[in-house]
Structure formats: structure tokens, C-alpha cells
Protein chains: 2
Amino acid sequence: MPITINDVAKEAGVSTSTVSKVLNNWTTISPATATRVHQAIEKLNYIPNARAVSFARKSTKNIVFLTYLEKDSAYLNPHMFDIMCGAYNELSGHDYTMTLQDISKDTVKGESVSRLLSTKSCDGIIIHGSAINASIAETIIKQNFPHIIIGHPGFESRLCWVDTNHALAGHLAAQHMVERGYTSIAFIGGQKTDELSFQRQKGFLGTMYQYGYQVPDERIFYSNSTSEEGYLTTLKILHESKRPRGIVCENNTLAVGAMKAIEQSGLTLPKDIAFLTFDAYPYTQIIDPKPTVIDINVYDMGVQAGNMMIRKLENPSLLVQSYTTIPVILEGQTT
Amino acid sequence: MPITINDVAKEAGVSTSTVSKVLNNWTTISPATATRVHQAIEKLNYIPNARAVSFARKSTKNIVFLTYLEKDSAYLNPHMFDIMCGAYNELSGHDYTMTLQDISKDTVKGESVSRLLSTKSCDGIIIHGSAINASIAETIIKQNFPHIIIGHPGFESRLCWVDTNHALAGHLAAQHMVERGYTSIAFIGGQKTDELSFQRQKGFLGTMYQYGYQVPDERIFYSNSTSEEGYLTTLKILHESKRPRGIVCENNTLAVGAMKAIEQSGLTLPKDIAFLTFDAYPYTQIIDPKPTVIDINVYDMGVQAGNMMIRKLENPSLLVQSYTTIPVILEGQTT
DNA sequence: CTGAAAGCGCTTACAG
DNA sequence: CTGAAAGCGCTTACAG
């Protein structure tokens, strides 16, 4: 038989309401009573039944983390899990639990979210950027449900979100290259439609321009972000009649191919050509030489998301819509 | 005002108990009544309050996944998250939710688990192998709490667990090498005390022996599993007076270094030397040429863990203690 | 400062 | 086959 609040009340010689008040730190309880109750709790080794508390309070102290959880997600997108850890850490530090929810099996867009809200099985929902869509957005906004999107949603709305300033990352990349004296640079980006890639490119090109080193169109490349394309594009760049002084890759996968091409061409980094890429993961840690990268602290983004969620729950009238975190440069051996 | 079971009862002209029975598929309900109730549910768009159900049923339909969730875990141990996804998938398919729990902040060993059990906030607990210890084991066994450990616990106990047959993986490695005609082979392992490495090595050496190709002690190496050590050890192996025909590395990190050494020595894979390693992640996908690996399907391990958990919950007297999953060979260009 | 009582929204013996 | 009633273990106005 598990110990209940009634057992504690009996043991302490008070009513259950009094025990409850002690448990919830009401200020109206006399110190003497509080002590007696605490002693009883200690003696009986009482711990409140979380289910009953949740039911009586009409709050779960639980946050759902909505994302894709398919096979190989961990390898294809470790960032997502690092964000998850950050969010977990912040939430658990404030006595919230965190439940996972996969969106990939939804046959109707947004159904898992609707269900989540109507069953009242969480107080709030953190949504990974890859899992947000207009249908979910509408459900959440209509019900005014506490939420945070990780990554800018990609469409205008009243949704709340946290993101890293990717344009600033591009700016930092340009600034670093110019400071090191690399002024003629080729940029290998992802797909034209990729928002993240676009922001990095925009920040990079804009800052180069401000410094007076406009990057010509023929030195701006788009790709499907495969290592193979990074390799081929870089070969092409290196065989230009007038080779650029440096190459910037929009992501790690491109970087693997690019550096292979540079190595095979017999060029030395950074003497013959400088190289910079974005993100410290997943490959730049093991590529040799270690490239200079503009990194984003995704764990911290998760922490910020958790923190914003908690503040929203504590103060529902809070009007903050977004947090933006700042990228940092990690210097390697290629610039 | 959210719709409750009472609203549905009123709408359908029946009692709340009847609605509840319809909701829970009791066979004693007449088809006509069931239809009326379903219509009312449909009309009011009623969804049961999960908190109330959980409280009344004294079960949460929630499983806790216990592990380490610190910064960078996702990069250092993507396997763990892939397992997590597998477990989630299986659990959610059976209408269980899954909550994360980090163990790294426990000041007293096992305190988070004790708390979990006393607050009754889950029906069962899945524990990643890295997070199990004697204190947690004792708590769980004493309370006879539904649990699954991912990976053999490393000490004898009545704990339930799932794991891959790592010795079999070693066996498959040996078999493959011998079949391809590579009979003189060096083995680079992890630390002597590492159980997984030991099992792989044991399986490998044992099978080589059975085939009649005993691996001499001077061709068995131990290491701290860094890429650097893989590199240096391989260089040493390649400069032996009588070079082996193949090298087997116990893990991916060693493999990165080993293959670099082979390449730098001007040897061609697999013409001059054959190479095989374990695990398809995190690096063998991008190493060139792609090595032959013995892979373990960790996602499937998670699925098995989830499945075993569900069967235990449905049938508490189930005596199964362990599942063992089977590794597979993925042929690359190095054997 | 404390307690009796209602209530949170379901489930489940039990009676009919 | 259906329903009245007790119960799950807390919280929280409200009265004193």
C-alpha cells in the first residue's frame, strides 16, 4: 500500500488540506505545524502521487517535444538531439518533464498536435523547425497554446520561436576571411530554396560587399549539399584561370568533399588556399587539417527554448515572440 | 469549457459509466447504445482527458527512457538516440508515451529512479546501458518494477535486458575475411577492460582459430580507441617484416586513423591489404573507400526493448529475461 | 492559522 | 445490457 497524503495527515495530527498546504509552501502555515508535517513526511517516506497532483491541479508539468524520430535521425540530424538535450536540461531544472512526440506518422497534417492539445497531456509544446507546418501553426494559435518553435518557422505568423542569427554567422565568416587577408572568395551554398543556406550566404555576401570585396556571381555556387558535389564544385573552382584565395562552404557535408578536392590538387591549406565552413558537426572534428568553422551552439538554442517556455507558462501574458542566439567562430588550421 | 464524459452521456441519453464502457470497448454494451454514444462523441468532438484517465486507471501509459542527456551527447553517442527512436516508435505504436529522464545530475546514485517509482509517473522504465548501476538495479528489482536495460548490464542480476550478440559480430568478421582468402590478420581493439570490445575480439579470434588460422598475440593490439592510435598502430603493423593480409578494427574511430595510415603507406585497398571494421557509424559512411563493416542495427534494439516492455506490462508474469539481436555484414570496397 | 467539503474527470465493482 | 455510487489522491475556495 503506497503512502498517501491522508496517512501523513493522520501521522502529523492535522488535516489533509494542511499537509497539502505545507507541500505547496503556503505562507499561512505556522512554523510549528509545518515542522510536524515535515517530520511525518520524512518518517513515512511520503512522496506525492504525480498523477493525482496533475489531475487535481489541471496541469501536467509536462512539455512535449515534437519532431521527427525515424530511424537514422540521430545520424542525419544530431543537431536536433542536441537541441532536445538543451531543452530537456532547462525544463527538468524547473521540475517539468519532457515527453517525445513523433510527427512522421501523421496521416492528416497536424493530427498528433490536435490530439495532444485536446487530451491535455502537456502544458506546452516545443516544436523542432522541421516539424512545423501551417496546419499545426493554426491549431496552436487558435487555441493560444503555449509553444516554442525551434528555428524560424519560414512563414510569417504569431508563432513564438528561437533561432540562431544565421546571417550574422555569414557576416562573421566574411569578417574573418577579410581580416586574414583573404578577399577573393568562392562560396558553395546549399539549395537556392534552403532558408538557412540563404541567410548564411546573404550575411556573407553582404559583409564582403561592405568591405569592398564584392563576390562575383560566377563564384557563387548552389548544390544539393552532398560531399560529391562539394568535391566536384571545388575542383571546378580550383581549375579556374584565376583561382580564388579562399573557399567558404555552407555546410559540413560539402566541406568534406571540398577539402578532399583541395588535397588532391596538391594545394596546401591555408598557404595556397584558405577554407572555412559552417557548423562544427558532424565531420569537421575529424577532417584533417581541422577547418575553421562558424559554429552555432544548438544546445544553447534548446536551453533558450526551454527557458522561454517556462517563462511563458509562469506568465501567460508575456509578449516576447522570439529569442535569437549568436554564432561563434572556432579557428582551425585552414585560415 | 472543455467537453467531459458527462456532456457526452447527456447528449447520448445514457449514464457516464456507459460512455466509459463504450470508450473502453466493453463487450457488454448493446450495438445500438454504442452507436448513439459514438455519435454523441463525434458530434461534441469529445476526447477523454488523459490526466483523468491516468489517475482513475492508476496507470500512466507512459514509459521513461533513462539515459545521459548532456551537451554533445548526440554527437558523441548517436547510437543512443537511434535506440531511443526505435523504442519510441514501438511504444507510441501501442499508445504509450515516452518521457526522457537524464541521470547525469543525480547527486546520490539512483535517486532519480527512486523518485520516478515513488511518484508513480510511469508504468515502466527503459534504461540505456550507460545509465545503469548497482544502486538503480537494486531499487528496480526490490520493487519488481517493469524495466528493460539496453545492453547487457555488465554484472549478473535478475535485470531484464536486450543486446546485440557482439561475439557473433566478431565471428562474422572472421568468417568474411577467411572466405575472401584473408587469413593472416591483425586485430586492433579498444581497451582491455571494455566489454563490447572484448566480445568482438573473442568472437573474431575464436572463429579464426576454428578455421585453423590462429592470430598470434603480437598481432592483437589494444588502444584507447582514438583515431590517432588507430593511425600509429596501423603504421606499426604495416612496417612489420611480414605484413598481415588484412586488418580488423574494433570501432569506427580507430578505423579512420587506420585507413589514413594505409593510404599514406601507398597501399591499395583491398589489393595490398584488406580492411574491416565494426559499426556503420559515425564515420564509415564518409570514409573513402567505403570499408566493409559488421553493423548492428541499434534502432532495432530500441524496437525490441519497447516491444519487450509492452509484453511485460501486458503480462507481468512473463519470465523472459533477455532479447539478443543479430549483427549483419555490409560489404564495402575494402575486402 | 486550520479544517470540512467539494471538486478535478474518469473507471470499476456491484446491483439490478 | 445499463446505471448509481464509490473511489482514484490530490488542491482549493470557503468558513471559522
Side-chain angles (χ1 to χ4, degrees), chain A residues 1-41 44-62 95 97 115 117-123, chain B residues 1-41 44-62 95 97 115 117-123:
Chain A
M1 259 311 74
I3 307 297
T4 71
I5 197 172
N6 294 306
D7 300 321
V8 176
K10 221 166 282 171
E11 176 72 28
V14 296
S15 71
T16 59
S17 3
T18 301
V19 176
S20 174
K21 284 164 190 163
V22 171
L23 249 21
N24 294 288
N25 298 314
W26 286 35
T27 50
T28 58
I29 300 292
S30 77
T33 317
T35 309
R36 285 225 312 291
V37 171
H38 277 128
Q39 280 166 353
I41 289 173
L44 299 178
N45 211 346
Y46 166 71
I47 298 187
N49 179 319
R51 290 198 287 268
V53 173
S54 154
F55 177 55
R57 274 210 198 114
K58 301 189 225 177
S59 99
T60 55
K61 280 275 182 178
N62 180 233
D95 289 326
T97 55
R115 171 159 288 270
L117 305 205
S118 20
T119 57
K120 296 159 193 57
S121 31
C122 62
D123 297 349
Chain B
M1 259 314 69
I3 308 296
T4 71
I5 197 173
N6 293 306
D7 301 320
V8 176
K10 221 166 281 171
E11 175 72 29
V14 297
S15 72
T16 59
S17 2
T18 301
V19 177
S20 174
K21 284 164 190 164
V22 171
L23 249 21
N24 294 289
N25 299 314
W26 285 37
T27 50
T28 59
I29 300 291
S30 77
T33 318
T35 308
R36 286 224 312 292
V37 171
H38 277 126
Q39 280 166 352
I41 288 173
L44 300 178
N45 211 344
Y46 167 70
I47 298 187
N49 180 319
R51 291 198 286 267
V53 173
S54 154
F55 176 55
R57 274 211 197 114
K58 301 189 224 172
S59 98
T60 55
K61 280 272 182 179
N62 180 234
D95 289 325
T97 56
R115 171 160 288 272
L117 305 204
S118 23
T119 57
K120 296 159 191 57
S121 29
C122 62
D123 297 348

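As a basis for the values below, the full set of heavy atoms in this structure was taken, side chains included, without hydrogen atoms, waters or symmetry mates. Numbered from 1 within each chain, the chains take letters A, B, ... in sequence-line order.
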Asks: Please list each protein N or O that sits under 3.5 Å from an N or O in nucleotides 14-16 of chain C, with the distance.
Replies:
none

Asks: How is B:Ser17 classified with respect to the nucleic acid when contacts are heavy atoms under 4.0 Å: base, sugar-phosphate, or nothing?
Replies: base
Asks: Using 0.5 Å steps for rounding, measure from the CD atom of A:Glu11 to the CG atom of A:Leu44.
Replies: 5.0 Å
Asks: Contact list please: residues 46-56 of chain B against DNA chain D, heavy atoms, distance less than 4.0 Å, in numerical order.
Replies: B:Phe55, B:Ala56
Asks: Verify, without hydrogens or angle tests, whether B:Asp123 (side chain) and B:Lys61 (backbone) share a donor-acceptor contact under 3.5 angstrom.
Replies: yes
Asks: A:Ile5 has an atom CD1; how far is it from atom P of D:dT12, in whole Å?
Replies: 11 Å
Asks: Report the nucleotide, chosen from D:dA4, D:dC10, C:dT2, that has the shortest atom-to-atom distance to any side-chain atom of A:Ile29.
Replies: C:dT2
Asks: Is the phosphate of C:dC1 approached by A:Thr28 (side-chain N or O, under 4.0 Å from OP1 or OP2)?
Replies: no
Asks: Rounded off to whole Å, could you give me the NZ-to-P distance for the B:Lys61 and C:dC10 pair?
Replies: 17 Å
Asks: Report the distance from atom CG of A:Asn6 to atom C1' of C:dA5, rounded to the nearest whole Å.
Replies: 13 Å
Asks: Across all strands shown, which nucleotide pairs with C:dA4 by Watson-Crick or G-U wobble geometry, both distances under 3.5 Å?
Replies: none
Asks: Just by modelled atom types, is the A:Arg115 backbone N or O under 3.5 Å from a matching donor or acceptor in the A:Thr119 side chain?
Replies: yes
Asks: Ignoring the backbone of B:Thr33, work out which of D:dC1, D:dC8, D:dA4 is nearest its side chain.
Replies: D:dC1
Asks: Look at the side chain of B:Ser20 and the backbone N and O of B:Thr16, then say whether any donor-acceptor pair between them is shorter than 3.5 Å.
Replies: no
Asks: Please give, in whole Å, the distance from C:dG9 P to A:Lys120 NZ?
Replies: 9 Å
Asks: For A:Thr16 and D:dT11, is the shortest distance between a side-chain N/O and OP1 or OP2 below 4.0 Å?
Replies: no
Asks: Going from OG1 on A:Thr60 to CZ on A:Arg51, what distance comes out if it is rounded to the nearest 0.5 angstrom?
Replies: 14.5 Å
Asks: Indicate every side-chain donor-acceptor pair of residues 3-10 of chain A with a distance under 3.5 Å to a residue at least two apart or in another chain.
Replies:
from, atom 1, to, atom 2, distance (Å)
A:Thr4, OG1, A:Asn6, N, 3.2
A:Asp7, OD2, A:Thr4, N, 2.8

Asks: In whole angstrom, give the distance that lies between atom NZ of A:Lys58 and atom P of C:dG7.
Replies: 11 Å
Asks: Just how far is it from atom OG of B:Ser118 to atom CG of A:Asn49, taken to the nearest 0.5 Å?
Replies: 10.5 Å
Asks: Give the nucleotide from the list C:dT12, C:dC8, D:dT11 with an atom nearest to the side chain of B:Arg57.
Replies: C:dT12
Asks: Which distance, rounded to the nearest 0.5 Å, do you find between the CD1 of B:Ile41 and the CZ of B:Arg36?
Replies: 12.5 Å
Asks: Is the distance from OP1 or OP2 of C:dT11 to the nearest side-chain N or O of B:Ser20 less than 4.0 Å?
Replies: yes
Asks: Given side chains that start at C-beta, do those of A:Arg57 and A:Asn24 come closer than 4.5 Å, heavy atoms only?
Replies: yes
Asks: Using only side-chain N and O atoms of B:Thr18, determine if any of them is under 4.0 Å from OP1 or OP2 of D:dG3.
Replies: yes
Asks: Hey, are the side chains of B:Pro48 and B:Leu23 touching, using non-hydrogen atoms and a 4.5 Å cut-off?
Replies: yes
Asks: Please determine, for D:dA13, whether a Watson-Crick or G-U wobble partner exists with both distances under 3.5 Å, and give it or none.
Replies: none
